[in-house]
Amino acid sequence: MSQSLNPQDQNGGFLLCVDVEVVFQVADIRFSLPRSQLMMSEFFREMLSSDEIGSQDEGTKEKPIVLEAITVSQVTSFCRVASSRRYDTPPEMTLKEWSEAFQIASLWRFEQLRAYILKNMDSLAQDPFDRIQVANECGLTEWLHPAYAKLCARDNSFSVEEGRRIGFERFAALVKIREDDFKNSIRAGIRPGRSNPERPPELRANCTSECYRLPFWLNAREKSFLEKIAREETLRAEGN
């Protein structure tokens with residue numbers, strides 16, 4: 001039996017849909033979004049203007065539009081974000097849920113919503129390993145080199161588990177960059193620098209409820225690794 005996501009759905013207390021007009025089905029779950037919101041998406045503007053999908057009986061409870069190649073979890077995360085933007089503070093979601101919402105917003109070409117989700121993911125993904133994982137899942141290649149730089153500059157050595165998370169080739173490349181930097185510092189008679197965790201004043205000041213989560217950033221030492229990373233074949237990514 002199919003289930004329906006509706007305003008009374010107790011999924012973290014968030015309203016999943018309002019002003020229902022177009023009904024979709026993913027697996028055995030039905031959900032709905034207002035047509036006015038769907039028309040903000042190039043994907044749905046094309047779909048709803050087609051001869052078949054544009055007919056009155058398509059997109060109703062009796063004949064929902066079936067969507068494939070996406071998961072119920074992805075759609076649920078997307079609906080939570082799409083229905084909560086009227087509030088000042090973003091919904092409390094995990095990084096995985098934000099990344100799921102981002103994947104759907106990208107797939108369905110909701111450009112403004114995609115930018116909103118990306119801004120929240122950027123501030124939430126502070127751990128370099130989490131950031132690399134999200135970048136791989138969401139195609140955010142521009143996130144990779146800054147995350148690598150933060151790993152190269154950190155004081156602690158890598159663990160085996162961390163190596164597994166990023167893959168052997170990338171792990172080996174980052175270790176090599178760290179070792180070369182250490183050797184060069186010793187040869188030059190310079191004590192290897194420490195990564196300063198302090199954020200610059202402009203990122204700490206004037207923070208409103210809209211931007212209380214601070215963005216990912218690199219200090220001077222971390223930035224110094226970017227050029228070395230760019231030269232490393234294994235760490236090159238399209239868009240960097």
Going by heavy atoms in the side chains, are K119 and M121 under 4.5 Å from each other?
no
Please report whether the ring centroid of F78 lies less than 6.0 Å from that of F31.
no
Is R154 close to R178 at the side-chain level, that is, under 4.5 Å between some pair of heavy atoms?
yes
S106: partners by side chain to side chain contact (heavy atoms under 4.5 Å, CB included), with sequence neighbours left out:
F102, R114
Tightest non-hydrogen contact, residues F129 and L151, listed as CE1-CD2, 3.4 Å
Which of parallel (below 30°), tilted (30 to 60°) and perpendicular (above 60°) describes F44 and W108?
perpendicular
Would I117 and M93 satisfy side chain to side chain contact (heavy atoms under 4.5 Å, CB included), going step by step from the backbone distance to the final call?
CA-CA 11 Å; I117 296 171; M93 295 166 56; over 6 Å; no
Counting only N and O atoms by type, is there a donor-acceptor contact under 3.5 Å from the side chain of N184 to the main-chain atoms of D180?
yes
Say you draw a straight line from NE2 of H145 to CZ of R236; how long is it, rounded to the nearest 0.5 Å?
9.0 Å
Under 4.5 Å between any side-chain heavy atoms of R221 and D181, yes or no?
yes
Taking the side chain as every heavy atom from C-beta outward, state whether V134 and L95 have any pair of such atoms under 4.5 Å apart.
yes
Nearest heavy-atom neighbours spanning V72 and V26:
CG2-O, 3.6 Å
Is the backbone N or O of K176 less than 3.5 Å from a side-chain atom of E179, with the two atoms forming a donor-acceptor pair by type?
no
From CE (M40) to CG (L33), nearest 0.5 Å
12.0 Å
K223: partners by side-chain hydrogen bond (donor to acceptor under 3.5 Å, both in side chains), with sequence neighbours left out
none
For N136, the side chain to side chain contact (heavy atoms under 4.5 Å, CB included) test, sequence neighbours excluded, returns I132, L144, R170
Is E232 paired with K228 through a side-chain N to carboxylate O contact shorter than 4.0 Å?
no
Residues forming a side chain to side chain contact (heavy atoms under 4.5 Å, CB included) with F171, sequence neighbours excluded:
F158, I166, V175
More than 12 non-hydrogen atoms from neighbouring residues, nucleotides or ligands closer than 6.0 Å to CD on E46, yes or no?
yes
Among all residues two or more places apart in sequence or in another chain, which pass the side chain to side chain contact (heavy atoms under 4.5 Å, CB included) test with E68?
V66
Which value, rounded to the nearest 0.5 Å, describes the distance between Q25 atom CD and S32 atom OG?
12.5 Å
Return the set of residues passing salt bridge (charged side-chain N to carboxylate O under 4.0 Å, His left out) with E161 (not counting sequence neighbours), or none when no residue passes.
R164
Which heavy atom of R131 sits nearest to which heavy atom of A125, and what is that distance?
NH1-O, 3.0 Å
For D130 and Q126, indicate whether the former's side chain and the latter's backbone hold a donor-acceptor pair under 3.5 Å.
no
Any side-chain heavy-atom pair from E58 and V22 closer than 4.5 angstrom?
no
Just by modelled atom types, is the S83 backbone N or O under 3.5 Å from a matching donor or acceptor in the R80 side chain?
no
With distance as the sole test, does E162 use its side chain to make a donor-acceptor pair with the main-chain N or O of S159 at under 3.5 Å?
yes
So, R30 side chain and K61 main chain: donor-acceptor pair closer than 3.5 Å or not?
yes
What distance separates K96 NZ from Q74 CD, expressed to the nearest 0.5 Å?
8.0 Å
To the nearest 0.5 Å, what is the distance between CD1 on I70 and CG on L107?
7.0 Å
Is the ring centre of W143 less than 6.0 Å from the ring centre of F216?
no
Might you point out which heavy atoms bring A149 and I229 nearest each other, and give the distance in Å?
N-CD1, 3.3 Å
Looking only at atom types and distance, does a side-chain atom of K150 sit under 3.5 Å from a main-chain N or O of N219, one as donor and one as acceptor?
no
To the nearest 0.5 angstrom, please state how far the CG atom of N120 sits from the CH2 atom of W98.
4.0 Å
